Amino acid sequence: MNPAPAVKTLVINGTDISARADQTILDAAREHGVNIPTLCHLDGLSEAGACRLCLIELKGSPRLFPACVTLIEEGMDVTTESPRLKKCRRLTLELLFAERNHVCSVCVSNGMCELQNTGSELGVTQVRLPYRYPRLAVDTSHERFTMDHNRCIVCTRCIRVCSEIEGAHTWDVLGRGVESRLITDLEQPWGTSDTCTSCGKCVQVCPTGALFEKSKVGMQIQKKRDFLPYLNVMREGQLE
Amino acid sequence: MNDGACMVNVAHYFMEFCMSESCGKCIPCRAGTAQMYELLTRMTKGTATLHDLELLEELCDMVANTSLCGLGQSAPNPVLSTLRYFRHEYLEHIEEKRCCVGVCPCSSNVEVLA
């Protein structure tokens, strides 16, 4: 018989909850109906902790903590909404919108975009920062899919799903800082990639219109992501 | 560094360093340092407004508090400390479009009589 999983109790937004000891703050919060915005986290993939939208406040510390990579602790007092957090999250989104071309009206993913949805949830109605708008390439060399670098937010979900779930590791990041962008294999056109199995998992996990299926627009893009946690459970079952 | 250094130019120099050293993983450091660099460039060119200074201060606070690693967390420090002790130099670049030391591009706008 398995030993009962250790349970810890904590406070989220003034409500006492209990959760498994190995859960992150994000998991525990979502399980109890508290939504924390994220763009890089996806159930079934490893954590990146890169988007900084899930930052939360912990009582007794002036620092902000990323909920997706912070494990719960006994007696924690978590605040997921505050004027300070809202300000940080909105500015993070403004930075993203100003970084590349995210003009929703001419995007294939308009209406089905996580960046767009998060922006409207957090009330980002204007971008005060100067738009950078670098002119980046659009890779249409693949038979079924397109990569539009202008829409990419470098959340690295595609890299993680390709490496961890599909096992191909076709995607990677080239360069650093504001110049960093996604590449396939050794910076070659996607269509000529030897490792790509054309499974399309990267397209399913992309939060924006950066990766999309050709000839599909707007509401036709229904992302299917349920397979990720399911696959992980099945694989863990086989290992035991 | 001595009294011949322009503090806006110094902050601009350090921000360029942080921007090029940023790895690009987290958004505040990747996009934030690039935006702060752009705002500081405007100041050195004499094209910035007081609104840009406000934005710069807001970005400094946000990037320092939300970045993933020490590079992003400390990237705004040169701007914050020069603003603390030399705010008048920033205001001079913005309101008078003038660099008192004469190292910034905006100083070439000043018409030299005789």
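A note on names: the letters A, B, ... follow the listed sequences, proteins ahead of strands, and every chain is numbered from 1. Remember, predicted model here, so these are calculated numbers, not experimental data.
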For this session: Evaluate whether atom CZ of B:F17 has more than 12 neighbouring non-hydrogen atoms of other residues, nucleotides or ligands under 6.0 angstrom away.
Result: no
Seminar exercise, completed: Nearest heavy-atom approach of B:R30 to A:S180 is CD-OG, 3.9 Å
Problem set entry | A:L91 side, atom CG; B:T66 side, atom OG1 - distance, nearest 0.5 Å | 8.0 Å
Seminar exercise, completed: Scanning both residues in full, the closest heavy-atom pair of A:P130 with B:R42 reads CB-NH2, 3.2 Å
Exercise. Just wondering, do B:L59 and A:L129 contact through their side chains at under 4.5 Å, heavy atoms?
Worked result: yes
Exercise. Between A:L95 and B:P28, what is the shortest heavy-atom contact and its length?
Worked result: CD1-CA, 4.1 Å
Exercise. If you count the non-hydrogen atoms of other residues, nucleotides and ligands that lie under 6.0 Å from OH in B:Y13, is the total more than 12?
Worked result: no
Problem set entry | Most chain A-contacting option - heavy-atom pairs closer than 4.5 Å, from B:E58, B:M19, B:E21, B:H51 | B:E58
Exercise. Which atom pair, heavy atoms only, marks the closest approach of B:M62 to A:C88?
Worked result: CE-O, 3.8 Å
For this session: Could you check which of B:E38, B:Q35, B:K25 has the highest count of heavy-atom pairs closer than 4.5 Å to chain A?
Result: B:Q35
Problem set entry | Nearest non-hydrogen partners of A:R132 and B:A34, listed with the distance | NH1-CB, 3.6 Å
Seminar exercise, completed: Whatever's closer than 4.5 Å to a heavy atom in chain A on B:L55 counts as side chain
Exercise. Heavy-atom distance under 4.5 Å to chain A: side chain of B:T33, backbone, both or neither?
Worked result: neither
For this session: Taking the side chain as every heavy atom from C-beta outward, state whether B:N65 and A:R52 have any pair of such atoms under 4.5 Å apart.
Result: no
For this session: Could you look at A:R63 and say if it's the side chain, the backbone, both or neither that has a heavy atom under 4.5 Å from chain B?
Result: neither
Exercise. Relative to chain B, which segment of A:L55 carries a heavy atom at a distance below 4.5 Å: side chain, backbone, both, or neither?
Worked result: side chain
